[in-house]
Each structure stands twice: as C-alpha cells, then as structure tokens.
Undergrad: 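What follows is a structure written as structure tokens; I'll ask about it next.
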2 protein chains.
Amino acid sequence: MARVQRDGGDDSAPTTELPAVRGQGPPAVNGRANGRGAPIPADKARVIPEAAVARLAVYLRVLSGMAEQGAVTVSSEELATAAGVNSAKLRKDISYIGTYGTRGVGYEVDVLTSEIERVLGLTRQQKVAVVGIGNLGHALANYGGFPGRGFPVEALFDVDPDLIGIPVGGLPVNHIDDIPDICATRAIAIGVIATPPTAAQAVCDRLVEGGVHCVLNFAPVVLGVPEHVEVRKVDLAIELQILSFHVARNAEQRASRRTAAARASSNGEVV
Amino acid sequence: MARVQRDGGDDSAPTTELPAVRGQGPPAVNGRANGRGAPIPADKARVIPEAAVARLAVYLRVLSGMAEQGAVTVSSEELATAAGVNSAKLRKDISYIGTYGTRGVGYEVDVLTSEIERVLGLTRQQKVAVVGIGNLGHALANYGGFPGRGFPVEALFDVDPDLIGIPVGGLPVNHIDDIPDICATRAIAIGVIATPPTAAQAVCDRLVEGGVHCVLNFAPVVLGVPEHVEVRKVDLAIELQILSFHVARNAEQRASRRTAAARASSNGEVV
DNA sequence: CGGATTTTGTGCACGCATTCACAAGCGGCT
DNA sequence: AGCCGCTTGTGAATGCGTGCACAAAATCCG
Ligand SMILES: NC(=O)c1ccc[n+]([C@@H]2O[C@H](COP(=O)([O-])OP(=O)(O)OC[C@H]3O[C@@H](n4cnc5c(N)ncnc54)[C@H](O)[C@@H]3O)[C@@H](O)[C@H]2O)c1
Ligand SMILES: NC(=O)c1ccc[n+]([C@@H]2O[C@H](COP(=O)([O-])OP(=O)(O)OC[C@H]3O[C@@H](n4cnc5c(N)ncnc54)[C@H](O)[C@@H]3O)[C@@H](O)[C@H]2O)c1
C-alpha cells in the first residue's frame with residue numbers, strides 16, 4: 001500500500017523555477033512514440049478539463065506529503081488511493097499534461113510535482129488580496145497555508161474606519177477606495193471577497209478595475225464580471241444544503257425500505 | 001448579457017459506489033393527467049442529478065431575495081439570469097422535482113420555494129456541530145447565516161483546554177472526547193471539521209461514531225468514511241490553484257497571440 | 001538474452017449533463 | 001368562443017467525464 005522509500009532526506013524545494021524537463025535524451029525511436037518526459041504533445045493544444053485541474057491540485061498536495069516522507073517514486077495506484085480517486089482517472093489526468101511516468105515503475109515524485117506546478121501556474125507566485133476583514137476575512141488573512149503554497153496575501157481591504165490601519169496577520173487594512181490603485185501597483189492576481197453579500201458586487205467591480213482577473217467569492221451572490229475575469233464561488237450554505245438533501249434522500253430510502261419490509265412481513269394479511 | 005459566473009467545481013465524492021438504479025425510459029407515456037402542481041411523477045425514478053441539487057439551492061436563495069421584494073411570480077428566464085444559469089437548464093432542474101409552473105406565466109415564488117425546500121430536506125432543521133474552534137471555526141460559529149437557513153449550530157468541540165467551556169457565538173466549547181455522546185444525544189445531522197489536517201481523520205471517526213451521517217471538511221486531507229456517510233470538502237487552497245491555472249492559461253494564450261501577431265505583422269499580413 | 005512481471009498510457013464504450021428546439025398548455029384579448 | 005402570444009416542460013442531439021481493459025514499455029531475473 002502506502003510504501004514510502006526512505007532514501008536520502010532531500011530538502012523539498014517548494015519553488016522550482018524550471019520545468020526540469022529531461023527531454024534531451026535519445027531521439028524518439030519511433031516517430032510517433034514520445035520519449036520519456038515529454039512536456040506536452042507540442043502541436044496538439046490539449047485543453048485540460050476543468051475537473052482534471054481540480055484533481056491535479058489534490059495530487060499535488062498528496063505528492064508534497066509523500067515527498068516529505070522521503071518517497072522517491074509513486075505508482076498511480078498508490079497516489080490514486082491517497083487522493084481518493086480511481087487510478088485510471090489519475091493516469092488520464094496526468095496524461096493531459098504530458099507523459100512523465102516510467103512503465104513498470106511509476107512516477108518520480110519530484111518530477112511529477114514540478115510538472116503539475118508548472119501547468120497550474122504555481123511557478124510564479126500569485127498575489128492575493130482579501131476584501132472584507134470580518135470573521136471570515138480574519139481567518140483568511142491569518143491562515144498560513146496560503147503563503148506556504150505560493151499565494152502570498154499582499155493586501156487587505158475593508159470599509160470599517162475602525163479597521164483601517166490595523167494590522168491583521170502582519171498586514172495593515174486599507175480602505176476599499178484604494179482597491180484599484182493598490183491592486184494595480186502591487187500586481188494582485190487574485191481577489192478574495194469576504195464582505196456581506198450586498199457589498200460584493202461593488203467590491204468585485206473595483207477589483208476588476210484594479211486589474212484583478214481572478215476572484216474567489218465567499219458572499220452568497222452571483223457576481224457579474226467582464227468576459228475575461230474568472231470567478232469561483234465558495235458557498236457554505238449551499239454545501240450544507242447539498243448535505244441536507246442527502247440526509248433527506250437517505251431517510252426517505254430507509255422509510256420506503258421499512259414500508260416495504262412491513263408490507264412483506266404482513267404479506268397475506270389484510271390490513 | 002454574457003456575464004456568467006462559473007459554478008464551483010464539484011468534487012467527486014470519494015465514496016461513489018452509487019448503484020444508480022436504472023430502468024428509465026419505459027415506452028409508457030408518462031402521467032398525462034397532472035393538473036397544476038404535480039408533486040412528482042410518482043412511479044418514475046426520482047433521481048435528481050447531483051449538479052441539479054447544487055443549483056436548486058442557488059435558485060432557492062435567489063427566490064428568497066425575490067420574495068422579499070414582493071415578487072409573486074417569476075419566469076424561468078428571470079430566475080435563470082438572476083441565478084447565472086441557462087434558462088433551459090433551470091427548467092430542467094425544476095422538472096426533476098415536479099411541474100409547478102404555469103405556461104405563459106411562470107412559477108409562483110412561494111410555491112417553488114416550498115417545493116425546493118421540501119426536496120432539499122429543509123423543512124426539518126439540520127443540526128450542525130463544528131469541530132476545531134480556531135480561526136475558521138470561530139468564523140463559522142459566529143456566522144448568522146446558518147441558523148437563519150435552517151442549520152442551527154448546536155455543538156462546538158476543540159482539544160485546546162483553554163477553549164473548553166468558553167462560549168463562542170453563545171455556545172460553550174466541549175472537549176472532543178465528548179463528540180460521540182453529545183452528537184448522539186443532540187441528534188447532530190452535520191459535522192463540520194475545521195481542525196488542522198492531522199486531526200481531521202480522528203475527528204471524523206468520532207463524528208461517525210456519534211451517528212453523524214454528513215460531514216463538511218475544511219481540512220486539506222482526504223477522509224476515509226463508511227459507505228453510508230457523505231463527505232463534502234471545501235478546499236480553499238485548491239480553489240486558488242484552479243484560479244492560478246486560469247491565470248497561467250490566459251497568460252499563455254496572450255503570449256501565443258502576441259507571437260502570432262508579431263509573426264503576422266512581420267509577415268506583412270494585416271492583423 | 002528472453003521471458004515474466006509490473007505499471008503506464010490510452011482507445012473505447014457508456015452514462016451523465018447541457019443545450020437546443022418545439023409542441024403543449026395557459027391566460028388574456030377581441 | 002376562438003385566436004394569439006407567451007412560457008413551460010421535455011424529447012433529442014451533442015458534448016464531456018469516467019472507468020474498463022489492454023497493448024506498449026520498462027525493469028527484473030534466471
Ligand atoms: N463567517 C462564515 O462562516 C461565513 C460562512 C458562509 C458565508 N459567509 C459569507 O462571507 C461573507 C463574510 O462573512 P463574515 O462572517 O466574515 O461577515 P462579517 O460581518 O464578520 O464581516 C464582513 C466584513 O466586511 C466589511 N464590509 C462591509 N461592507 C463592506 C464594503 N462595502 N467593502 C468592504 N468591506 C465591507 C465589514 O466591515 C466586515 O468587516 C458574507 O458574505 C457571508 O455571507 C461567511
Ligand atoms: N483559516 C483559513 O482561512 C483556512 C483556509 C483554508 C483551509 N483552512 C483549514 O481549516 C482548518 C482550520 O484552520 P484554522 O485557520 O481555523 O486553524 P487554527 O489553527 O486557527 O484552528 C485549529 C483549531 O483546531 C483545534 N484542534 C487542534 N487539534 C484538534 C483536535 N485533535 N481535535 C479538535 N480540535 C483540534 C485547535 O485547538 C484550534 O483551535 C485547517 O485544516 C486549515 O488547513 C483554513
């Protein structure tokens with residue numbers, strides 16, 4: 001199962017700048033077959049499915065845990081079970097970004113890590129701004145997991161005068177009127193919206209004005225944005241409601257099974 | 001207009017062993033005698049697609065906003081644009097739960113609201129427990145949006161002795177050793193895990209022990225659970241990485257377009 | 001050196017989800 | 001009453017994602 005090879009404690013360098021493609025080896029034996037470590041089918045502009053991108057990020061996290069434990073290679077089966085997916089799906093996901101495995105052996109942990117980081121754009125740090133430093137905003141600003149993964153929080157904004165200037169997580173809070181300026185000058189790549197829903201659209205507009213192309217929205221509203229801006233939403237109430245649906249469905253199934261059982265047991269008897 | 005908010009990528013639940021009873025498409029004409037407000041096609045397999053459930057929750061929120069503004073009826077087109085989806089998709093989603101519209105008019109806001117609430121199991125309150133009262137746990141415990149939507153937070157847990165007994169959001173923090181007992185006695189339906197990743201699996205096991213069938217997990221780990229337990233995860237780092245991927249992809253596209261343009265212009269071609 | 005063994009990469013089939021397009025149905029108007 | 005315009009509900013087509021199954025590599029071993 002989760003067999004880890006302990007071999008030479010390597011310091012896992014988190015920020016690998018180079019793709020570390022080892023393609024310079026022998027020329028391809030076959031015109032069609034690609035050697036080991038093919039970056040991507042060069043001419044074929046392969047579009048990675050959205051669902052696969054999400055899973056690649058999961059693989060990346062699992063890989064980093066394995067690297068810390070000294071694993072050098074990992075098979076698709078191991079990685080898949082650790083990530084909670086089917087191994088065929090994992091291999092297909094990886095095949096979208098190239099062929100980095102060795103048949104009969106598996107994947108080199110560090111190679112796979114760098115390649116996934118490359119396609120996810122994690123070789124360059126993506127600066128983050130958080131708007132709305134309330135309950136949720138505080139948690140996000142204080143969270144150490146983002147800078148550690150290449151997402152430094154570099155600006156905080158709120159409208160509350162009592163908050164302006166106060167440092168949160170080592171960073172002072174700015175006024176939302178400064179969003180366009182500060183985002184532009186600091187080259188913020190991702191804006192996180194943690195304001196009340198009523199303020200979310202206005203905040204989003206200012207982020208876009210400041211040149212932010214990606215928005216992560218925690219407010220339960222549908223944001224309107226220009227074509228080139230990417231919005232993802234995290235709606236906790238909806239997550240709870242989806243869970244609630246499953247509760248209801250299971251309860252219903254149990255009830256109908258109970259009814260069926262009762263009917264069966266009273267079979268032949270007039271009710 | 002063409003401003004659409006992409007839905008958050010839904011995770012494939014690690015426990016996808018759904019038998020998915022088939023048997024759709026008997027040549028029998030489906031019930032024609034449904035007057036207005038047919039609850040559901042009684043015999044027909046009532047499997048609502050997962051993706052549709054998530055959207056129904058969105059419609060519900062939009063509907064509640066419309067009801068507050070005094071709207072009595074709403075057309076699929078209005079509701080769809082407000083929810084950021086295609087109107088045909090909206091109608092199909094609603095058709096999964098029954099036929100509650102009036103042709104030529106639209107849907108009655110309150111009727112549609114109750115029906116969606118019914119299928120989502122929101123007629124009964126689902127009690128929630130939060131484990132791990134740190135940054136994120138505090139925000140969740142203090143958040144007023146959950147009780148207001150039928151998800152009262154009725155238990156808090158942590159391992160930190162300094163926190164035990166302290167009230168957060170009006171509710172005292174209990175020790176994690178009491179999770180099974182308290183969850184069972186208070187009939188907790190949903191457990192929210194906001195502990196460090198290392199503690200998440202142990203916490204999850206205790207929640208299951210306490211009879212909790214639904215878990216919302218904020219810790220970046222893959223949880224192993226019995227068959228009958230439903231887990232949804234919210235992984236903010238992965239959301240950021242997906243956004244990062246789009247940054248990278250767009251940058252790449254722009255770069256290649258620039259290259260192509262440069263080539264074209266140096267080629268004497270008119271762009 | 002050849003065969004056994006292991007594991008990748010992917011062709012293929014299937015099922016779910018999305019979107020289109022339109023008949024059916026309903027209310028209002030004449 | 002009968003027609004007309006509007007909107008729903010849904011068959012059908014298309015596209016996407018998933019998982020199986022297997023050939024193609026690569027290593028190991030005798
Ligand atoms: N806290 C949670 O657990 C939770 C859960 C689900 C959803 N949410 C959503 O996340 C958002 C934030 O939640 P919260 O609990 O942190 O709320 P909060 O009230 O604690 O914080 C909101 C913050 O936004 C600031 N703000 C208000 N108007 C603003 C504006 N126009 N521009 C900038 N900042 C403004 C306020 O000053 C405050 O600091 C809300 O939309 C909420 O619905 C929160
Ligand atoms: N804060 C964020 O914005 C954020 C963002 C993304 C992910 N997360 C994840 O959410 C989780 C919580 O984040 P946080 O920032 O609130 O962390 P935190 O360190 O502020 O809080 C963790 C809490 O869990 C408690 N705890 C530790 N071990 C426990 C155990 N065995 N049982 C019960 N409680 C235990 C701690 O006492 C602490 O109160 C983490 O897994 C983190 O990776 C947080």
Side-chain angles (χ1 to χ4, degrees), chain A residues 3 25-26 28-30 32-38 40-41 44 46-55 73-80 84-108 111-112, chain B residues 4 6-7 9-14 16-27 29-38 40-41 44-45 47-55 73-80 84-108 111-112:
Chain A
R3 159 179 51 90
V29 281
N30 190 341
R32 203 177 301 167
N34 33 18
R36 87 161 61 177
I40 20 173
K44 197 173 184 180
R46 189 65 83 95
V47 180
I48 306 179
E50 185 83 8
V53 173
R55 287 190 297 268
T73 63
V74 63
S75 74
S76 66
E77 192 62 41
E78 290 174 289
L79 191 50
V85 301
N86 184 303
S87 73
K89 196 191 295 187
L90 179 136
R91 288 198 298 276
K92 183 149 290 190
D93 287 343
I94 291 178
S95 78
Y96 289 126
I97 68 174
T99 61
Y100 302 104
T102 304
R103 294 172 192 236
V105 177
Y107 302 91
E108 267 182 73
V111 170
L112 196 51
Chain B
V4 193
R6 290 197 57 111
D7 173 76
D10 59 348
D11 56 343
S12 59
T16 51
E17 284 291 328
L18 200 58
V21 181
R22 310 212 46 74
Q24 98 182 34
V29 185
N30 82 1
R32 191 159 303 284
N34 39 8
R36 83 167 57 182
I40 18 174
K44 195 175 177 182
V47 180
I48 305 178
E50 185 84 8
V53 173
R55 287 191 297 269
T73 63
V74 63
S75 74
S76 65
E77 193 61 41
E78 289 174 287
L79 191 50
V85 301
N86 185 304
S87 75
K89 196 191 294 187
L90 178 136
R91 288 198 298 275
K92 180 143 289 191
D93 287 344
I94 291 178
S95 78
Y96 289 126
I97 70 174
T99 62
Y100 302 104
T102 304
R103 294 170 192 240
V105 177
Y107 302 92
E108 268 182 73
V111 171
L112 197 51

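Naming convention: chains lettered A, B, ... in sequence-line order (proteins, then strands); numbering from 1 in each chain.
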Undergrad: Distance from Lys92(A) atom NZ to Asn86(A) atom CG, nearest 0.5 Å?
TA: 10.5 Å

Undergrad: Would you list the protein and nucleotides 11-13 of chain C atom pairs, both N or O, that sit under 3.5 Å from each other?
TA:
unit_1, atom_1, unit_2, atom_2, d
dG11(C), O6, Lys92(A), NZ, 3.2
dC12(C), N4, Lys92(A), NZ, 3.2

Undergrad: In whole Å, what is the span from the CG atom of Asn86(A) to the C1' atom of dG15(C)?
TA: 15 Å

Undergrad: For the pair made of CG in Leu90(A) and P in dT8(C), what is the distance, rounded to whole Å?
TA: 9 Å

Undergrad: Quick one: which protein N/O atoms are closer than 3.5 Å to N/O atoms of nucleotides 2-6 of chain C? Pair and distance per line, please.
TA:
none

Undergrad: Decide side-chain contact (heavy atoms from CB on, under 4.5 Å) for Tyr107(A) and Arg91(A); before the verdict, give the C-alpha distance in whole Å, the side-chain angles of both, and the deciding distance to 0.1 Å.
TA: CA-CA 10 Å; Tyr107(A) 302 91; Arg91(A) 288 198 298 276; 3.8 Å; yes

Undergrad: Using the side-chain heavy atoms of Arg55(A), tell me which of these nucleotides is nearest: dT18(C), dG17(D), dT18(D).
TA: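 My answer, after comparing the listed nucleotides, is dT18(D).
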
Undergrad: OH of Tyr100(B) versus P of dC26(C): gap in Å, rounded?
TA: 16 Å

Undergrad: Between dT8(D), dT19(C), dG19(D), spot the one nearest the side chain of Arg91(B), thanks.
TA: dT8(D)

Undergrad: dT8(C), OP1 or OP2 - any side-chain N/O from Ser76(A) closer than 4.0 Å?
TA: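 Indeed, a polar side-chain atom of Ser76(A) lies that close.
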
Undergrad: For Ser75(B) versus Glu78(B), what's the shortest heavy-atom pair and its separation?
TA: N-OE1, 2.9 Å

Undergrad: At their closest point, which heavy atom of Ser87(B) faces which heavy atom of Ser76(B), and how far apart are they?
TA: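 Looking at all heavy atoms of both residues, the closest pair is CB-O, 4.0 Å.
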
Undergrad: Atom OH of Tyr96(B) and atom P of dC16(C): how far apart are they, to the nearest Å?
TA: 10 Å

Undergrad: Considering non-hydrogen atoms only, spot the tightest contact between Ala52(A) and Ile48(A) and give its length.
TA: CB-CG2, 4.0 Å

Undergrad: Quick check for you: among dT18(D), dT8(D), dT10(C), whose closest atom lies nearest to any side-chain atom of Thr99(A)?
TA: dT10(C)

Undergrad: Output the rounded distance in Å from CG (Asp93(B)) to P (dT10(D)).
TA: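 It works out to 13 Å between those atoms.
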
Undergrad: Expressed as a whole number of angstroms, how long is the span from Lys89(B):NZ to dC16(C):P?
TA: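 In whole Å, dC16(C) P lies 17 Å from Lys89(B) NZ.
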
Undergrad: Determine whether Thr73(B) and Thr102(B) make a side-chain contact, defined as any pair of heavy atoms from C-beta on separated by less than 4.5 Å.
TA: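 No, every pair of side-chain atoms sits at 4.5 Å or beyond.
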
Undergrad: Can you check the Ile97(A) CD1 to dT8(C) P distance for me, whole Å?
TA: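 Roughly 14 Å, once rounded to whole Å.
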
Undergrad: In whole angstrom, what separates Glu50(B)'s CD from dT18(C)'s C1'?
TA: 17 Å

